[in-house]
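Structure record follows, encoded as structure tokens.
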Amino acid sequence: MKPVAGYLAGLLFGLGLALSGMTDPARVIGFLDVAGAWDPTLIFVLGGAVVTTFIGYRLVWRRGTPLLAGRFQLPTRRDLDARLLGGAALFGIGWGLSGYCPGPAVASLPGLSGPLAAFLAAMVVGWWLARRLSPAH
């Protein structure tokens, strides 16, 4: 049941991205272009996500335990290291240059284009490199 819930959550996330227009990299790049033809659409999508998360977390925490697991699994590390900061910087640079981040890129697969294929290939290579260079693996 747990994998089915994961797939359904991913499907809902992808549908939300598609309906909000966030699978269009021009919207994201337009949002980042504050000195030019700025597109504020992303603020409303982010605002909706923040409100939904705020309400959802309060409802979930009232249960005490998750529906499909024995306990909540929360991160325990609180430090900022070079891997975290470097990864965040690479994510931001890639998002700003391409207009895609992983969620919208996967949701955009039905309309595969050259730039999207290049982004997805770079993302897979990045994941592979991160795992190969990680001291934990």
Closest non-hydrogen atom pair between Ala5 and Leu68, with its separation: CB-CD1, 3.5 Å

Ser108 to Pro104 - nearest heavy-atom pair and separation: OG-O, 2.7 Å

Phe44 vs Ser20 side-chain heavy atoms within contact, under 4.5 Å: no

Value rounded to 0.5 Å, distance of CZ in Arg27 from CG in Leu42: 10.0 Å

Nearest-0.5 Å distance, OH of residue Tyr57 to CZ of residue Arg62: 16.0 Å

Shortest non-hydrogen contact from Cys101 toward Trp95: N-CD1, 3.7 Å

Side chain proximity check, Thr53 to Val50, heavy atoms < 4.5 angstrom: no

side-chain hydrogen bond (donor to acceptor under 3.5 Å, both in side chains) against Asp39, all qualifying residues, sequence neighbours excluded: Thr41

pair Leu67-Val60: side-chain heavy atoms closer than 4.5 Å: no

Pairwise ring pair (Phe, Tyr, Trp, His ring centres under 6.0 Å) hits with a residue in residues 97-129, at least two apart: Tyr100-Phe119

Any donor-acceptor pair under 3.5 Å from Arg58 side chain to Phe54 backbone: yes

Leu120 and Leu112: CA distance, side-chain angles, deciding distance, side-chain contact (heavy atoms from CB on, under 4.5 Å) verdict: CA-CA 10 Å; Leu120 291 169; Leu112 188 65; 4.2 Å; yes

Euclidean distance, Leu109 CG relative to Leu116 CG, rounded to 0.5 Å: 6.0 Å

Ion pair Asp81/Arg83, N-O distance below 4.0 Å: no

Spacing of Asp24 atom CG and Leu17 atom CG [to the nearest 0.5 Å]: 12.0 Å

Close side-chain approach of Pro40 and Phe31, heavy atoms under 4.5 Å: no

Shared hydrophobic cluster for Val106 and Leu11 (ILVMFWY, side-chain gaps under 4.5 Å): no

Nearest heavy-atom neighbours spanning Thr23 and Ala107: CG2-CB, 3.8 Å

Student check: side-chain heavy atoms of Thr65 and Arg71 closer than 4.5 Å: no

